[in-house]
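Here is the structure we will look at, set down as structure tokens.
If you read the sequence from its start, that first residue is 1, and numbering goes on from there.
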Amino acid sequence: MTNLSTEQPNNVLPDITIEQLPQRLRDAATRAGWSTLMPVQARAIPYLLAARDMMIQARTGSGKTGAFLLPMLERLDSTRAQCQALILVPTRELALQVWNEAERLCADSGLRTVAVYGGVGYGPQIEALKQGAHIVVGTPGRVLDHLLKRTFSLDHLKMLILDEADRMLSMGFYPDMKQVQRYLPKRPLNACMFSATFPEYIMRTAREFIRHPEFITLSQDHVHVTDTEHLFYTVPGMDKDRSLVRLIEIENPVSAIIFCNTKAKVHYVSVVLQRFGYDADELSADLSQKERERVLGRVREGTLRFLVATDVAARGLDIPDLSHVIQYEPPEDPEAYIHRAGRTGRAGATGIAISLVSAVEKFELDRIAKRFSIAMQERPLPSDADVEAVVTERVTILLEARLRERDKLLTERSQRFVPLARALANNEDESAIIAMLLDDYYQQTLHTPLPQPREEKPPTTEPRSQRPSGNRRRQR
């Protein structure tokens, strides 16, 4: 694969100002109350107006939504009641957020928008799609549902936007995204991907959806791809293990190495993660040679999701596609922080280095940040309610995908359990049974290694003759 850190857009376009925007875009910006463009908008809008296929690194809250919505006002035809832009997002909350921004920017333009996502009824979504919404914002699973129901078509699509692509793949959307891809038109299609980070697995996914992407990274006002985000959470000293579990649930890393300072702590953390159902193993000097070789074998094969290790045990290891480094405690040697964090964000990719610190340990982390001029970002520790919201969203996505795979016979067979399901749901004492079944399914499904994109680079779209049709669509 090409070294992405050396790639830059061909024929670099200059940034644009709000005064240089086409008139209808200036009017929309005025309606939205914008007085100036944010950096990602000034940088990205010229490329989207030119219909260039782009991968753009932009953090949440950077203004990226406006960067891909505003050019749609210039490029879409409001007189044709057809879906011309599809925006895929990972969560219903983001779908609503993007849709609200689209409604605000598209007001008085004649362009109609709709948000489609799971967990709610199909009726209003179907009605909006049948009326010919020009811009469809949705989660991959619900978009696929509507395509299977033939509620709308992508035959007239002009723009495909994959928003927060790193989160979409970490939530297991890849199979649904590939199924949606089968409904894309066979002609050339302008596709753009926005992501906060660009790990190697995101790059592989991107090349399955965008044949020849160009890259823009908004970091320190220059174009590059290599980047490591340094985050830290201040956690109660006696609750660090539970805090780690909550962070893993929220971040849902594809792979991570978790550093501890002692062999005893390595063993404790690995046992905690295993008891919570994670694919975790430990590496310390106490392991027998046979056990060490077994763990190292899984590391080399890329089949171990979480490796818990000391600095000494992890020395010399090269873990492929490492998306996260988690420091359960700051290193005793400040230099070790650089070695730990440097294990992610390699080969032109990006990564995330997370530190868990108690109030006392925070002083040591501050000294490390000052010594090496590292911009540490403090994040609020996720609450149990935050985790509950995230896992609810994920399990809904997984179950809806599972439901789509059932044929008519299996669906008919399931009907015998509908009365029992209603009875259990309406009985507070019996609801623990449903919770147990959901938890088991979630653990078995989500905490197994995620399906990885193929290495080859297939065409961006598939010919119509290869699309599934009729009953074959329901027999995936």
**Study point:** Among D155, T151, L157, the one residue meeting side chain to side chain contact (heavy atoms under 4.5 Å, CB included) with S153
**Key:** D155

With a 3.5 Å distance limit and no angle check, can you tell me whether [X] reaches the backbone of [Y] through a side-chain donor-acceptor pair?
X: H134; Y: L111; answer: no
X: Q181; Y: E208; answer: yes
X: N100; Y: L96; answer: yes
X: R340; Y: Q327; answer: no

Contact summary for [X] and [Y], nearest pair of heavy atoms:
X: A133; Y: T113; result: CB-C, 4.3 Å
X: C192; Y: R52; result: SG-O, 3.5 Å
X: E229; Y: R379; result: OE2-NH2, 3.0 Å
X: M177; Y: P140; result: CG-CG, 4.0 Å
X: R404; Y: L144; result: NE-CD2, 3.7 Å
X: Q443; Y: G277; result: NE2-CA, 3.5 Å

Compare all side-chain heavy atoms of [X] with those of [Y] and state whether any distance is below 4.5 angstrom.
X: D439; Y: V395; value: no
X: D239; Y: R246; value: yes
X: V295; Y: L304; value: yes
X: E293; Y: K290; value: no
X: L356; Y: L247; value: yes
X: Q97; Y: T91; value: no
X: V357; Y: V235; value: no
X: L88; Y: F173; value: no

Check your understanding: Given I352 and V325, is the side-chain contact (heavy atoms from CB on, under 4.5 Å) satisfied, shown in steps?
Key -> CA-CA 6 Å; I352 298 175; V325 163; over 6 Å; no

**Study point:** Trace of the side-chain hydrogen bond (donor to acceptor under 3.5 Å, both in side chains) decision for E282 with Y268
**Key:** CA-CA 9 Å; E282 63 182 281; Y268 173 76; over 6 Å; no

Exercise for review: I would like to know whether E393 and R92 meet salt bridge (charged side-chain N to carboxylate O under 4.0 Å, His left out); could you show each step before the answer?
Suggested key: CA-CA 8 Å; E393 176 95 20; R92 69 189 74 181; 3.1 Å; yes

Within a radius of less than 6.0 Å around [atom1] of [X], do more than 12 heavy atoms belonging to other residues, nucleotides or ligands occur?
X: E388; atom1: CD; value: no
X: R31; atom1: CZ; value: yes
X: R275; atom1: CZ; value: no

Practice item. Any chance you could lay out the side-chain contact (heavy atoms from CB on, under 4.5 Å) test for L437 and Y442, step after step, and finish with the verdict? Key: CA-CA 9 Å; L437 294 174; Y442 179 78; over 6 Å; no

Would you say [Y] and [X] are linked by a side-chain donor-acceptor pair, where the criterion is simply a distance under 3.5 Å?
X: D53; Y: Y47; result: no
X: H156; Y: Q84; result: no
X: Q377; Y: H230; result: no
X: Q57; Y: S195; result: no
X: H324; Y: E251; result: yes
X: Q179; Y: Y174; result: no

Check your understanding: Is the Lys NZ or Arg CZ of R142 less than 6.0 Å from the centre of Y122's six-membered ring, within 45° of the axis?
Key -> yes

Review point. Within 45° of the six-membered ring axis of Y328 and under 6.0 Å from that ring's centre, is NZ or CZ of K240 located there?
Key: yes

Practice item. Output, in order, the C-alpha distance, side-chain angles, deciding distance and verdict of salt bridge (charged side-chain N to carboxylate O under 4.0 Å, His left out) for R413 and D407. Key: CA-CA 10 Å; R413 192 184 71 189; D407 58 25; over 6 Å; no

Check this for me: does any side-chain nitrogen of one of [X] and [Y] sit under 4.0 Å from a carboxylate oxygen of the other?
X: D77; Y: K158; answer: no
X: R24; Y: E74; answer: yes
X: D384; Y: R242; answer: no
X: R294; Y: E291; answer: yes

Point to revise | L399 vs L438, side-chain contact (heavy atoms from CB on, under 4.5 Å): CA-CA, chis, key distance, verdict | key: CA-CA 9 Å; L399 288 170; L438 290 173; 3.6 Å; yes

Review point. To the nearest 0.5 Å, what is the distance between CD1 (I216) and CD1 (I56)?
Key: 5.0 Å

Practice item. Please step through side-chain contact (heavy atoms from CB on, under 4.5 Å) for the pair L94 and D163, ending with a clear verdict. Key: CA-CA 9 Å; L94 185 57; D163 192 15; 3.9 Å; yes

